[in-house]
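Below you'll find the structure, written out as structure tokens, and then a few comments.
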Amino acid sequence: MGQLLGILGSGIEVEITDLIWHCLRQSSESIAKSDPAHSQMLEGLVDLADARKPSVLKCRLDEYRSAHPHSHYANLAAAAIALADSRLNDAFGLLNSVYSKCPRNITALYALGHCCERLGREADAIAFYQDCLKFKKYLQFPRQRLAAIYFKNGQIEKTITEYQFLAAEYPDDLTILLML
């Protein structure tokens, strides 16, 4: 029973909002040289998220959107807030906007898969997780979620295939080997 729960829970233990904020912090660092003011505003949003100050964060997000109306980072930040508030449909819309502008944005793809999975739209979740892996086949979380969905639906061969790939990619991860 423990293995079953382990498979179904793999990748869920990662807090999706923290993942989005982490990616936004990295984005802020990468744009710092080309646009310091933009980077500073984005970094300020991430700092507020880390400090768990939602009311100030929402106000600053509005300011950020005004200053950078075409930045997809604003929609990622708004999606993180929506996810934290369990507003999955709102988050999905915001993430879909990011995806339409930046179809290779792995963070948006993974978060879209997460939203779809929580909304019970497993076929869509599978498609988004697979899209993540098209761009970076070594990613652990989307592959773990694919394996969990396959396992839940009785697709054992697909589950095994995903865990074999994970075991090859992460040979030192004993949890993966145990699941396999």
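Please read these numbers as outputs of a predicted model, since none were measured by experiment.
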Side chains of [X] and [Y], heavy atoms from C-beta outward: is any pair under 4.5 Å?
X: His38; Y: Tyr64; answer: yes
X: Phe128; Y: Cys115; answer: no
X: Met41; Y: Leu45; answer: no
X: Arg65; Y: Asn75; answer: yes
X: Phe92; Y: Arg121; answer: yes
X: Tyr138; Y: Leu133; answer: no
X: Gln140; Y: Asp173; answer: yes

*asked:* Tell me whether the count of non-hydrogen atoms from other residues, nucleotides or ligands lying under 6.0 Å of NE2 in His72 goes above 12.
replied: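 For His72, atom NE2 is crowded (more than 12 foreign heavy atoms under 6.0 Å).
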Counting only heavy atoms from other residues, nucleotides and ligands, does the tally under 6.0 Å from CD of Gln40 exceed 12?
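No, the 6.0 Å shell around CD holds no more than 12 heavy atoms from other groups.
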(Q) Can you tell whether the side chains of Glu169 and Lys137 come within less than 4.0 Å, N to carboxylate O? (A)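 A salt bridge is absent here (no side-chain N lies under 4.0 Å from a carboxylate O).
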TODO: Determine, for Arg25 against Asp18, whether the closest basic-nitrogen to carboxylate-oxygen distance falls under 4.0 angstrom.
DONE: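 Asp18 and Arg25: not salt-bridged.
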How close do [X] and [Y] get, heavy atom to heavy atom, and via which atoms?
X: Ile176; Y: Ala167; answer: CG2-N, 3.6 Å
X: Arg118; Y: Ser86; answer: NH2-OG, 3.9 Å
X: Asp90; Y: Ala82; answer: CB-CB, 4.2 Å
X: Ala111; Y: Leu95; answer: CB-CD1, 3.5 Å
X: Leu109; Y: Cys132; answer: CB-SG, 3.4 Å

So which of Ser30, Ser28, Ser27 actually passes side chain to side chain contact (heavy atoms under 4.5 Å, CB included) with Ser39?
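The option that passes is Ser28.
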Next on the checklist: If you apply the rule side chain to side chain contact (heavy atoms under 4.5 Å, CB included), what do you find for Leu24 with Ile20, and how did you get there?
Outcome noted: CA-CA 6 Å; Leu24 286 171; Ile20 292 171; 4.1 Å; yes
Query raised in the report: Going only through I, L, V, M, F, W and Y residues with side-chain contacts under 4.5 Å, is there a path from Leu177 to Phe151?
Result: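 Looking at the clustering, Phe151 is in a separate group from Leu177.
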* State plainly whether one hydrophobic cluster holds both Ile156 and Tyr163, where clusters connect Ile, Leu, Val, Met, Phe, Trp and Tyr through side-chain heavy atoms under 4.5 angstrom apart. =>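 Yes, it is one cluster - the side chains of Ile156 and Tyr163 are joined through contacts under 4.5 Å.
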Can you tell me how far [atom2] of [Y] sits from [atom1] of [X], rounded to the nearest 0.5 angstrom?
X: Phe141; Y: Tyr110; atom1: CZ; atom2: OH; value: 6.5 Å
X: Arg87; Y: Asn89; atom1: CZ; atom2: CG; value: 10.5 Å
X: Gln144; Y: Leu139; atom1: CD; atom2: CG; value: 11.0 Å
X: Leu112; Y: Leu94; atom1: CG; atom2: CG; value: 10.0 Å
X: Lys58; Y: Asp85; atom1: NZ; atom2: CG; value: 4.5 Å
X: Glu162; Y: Ile149; atom1: CD; atom2: CD1; value: 10.0 Å

Fill in: Members sharing Phe165's hydrophobic cluster (side chains within less than 4.5 Å)
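Taking Ile, Leu, Val, Met, Phe, Trp and Tyr as members, Phe165 stands alone, with no cluster partners.
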I'd like a table of donor-acceptor pairs (distance under 3.5 Å, sequence neighbours excluded) in which one partner is a side-chain atom from residues 98-107, with atom names and distances.
unit_1: Ser100; atom_1: OG; unit_2: Ser97; atom_2: O; d: 2.8
unit_1: Asn105; atom_1: OD1; unit_2: Thr107; atom_2: N; d: 3.1
unit_1: Asn105; atom_1: OD1; unit_2: Ala108; atom_2: N; d: 2.9

- Query: Regarding Tyr150 and Thr161, is there a side-chain donor-to-acceptor distance under 3.5 Å anywhere?
  - Reply: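 No - no donor-acceptor pair under 3.5 Å links their side chains.
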Practice problem: Decide if the gap between the ring center of Tyr129 and the ring center of His114 is smaller than 6.0 angstrom. | Solution: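 Here the rings of His114 and Tyr129 have centres that are no less than 6.0 Å from each other.
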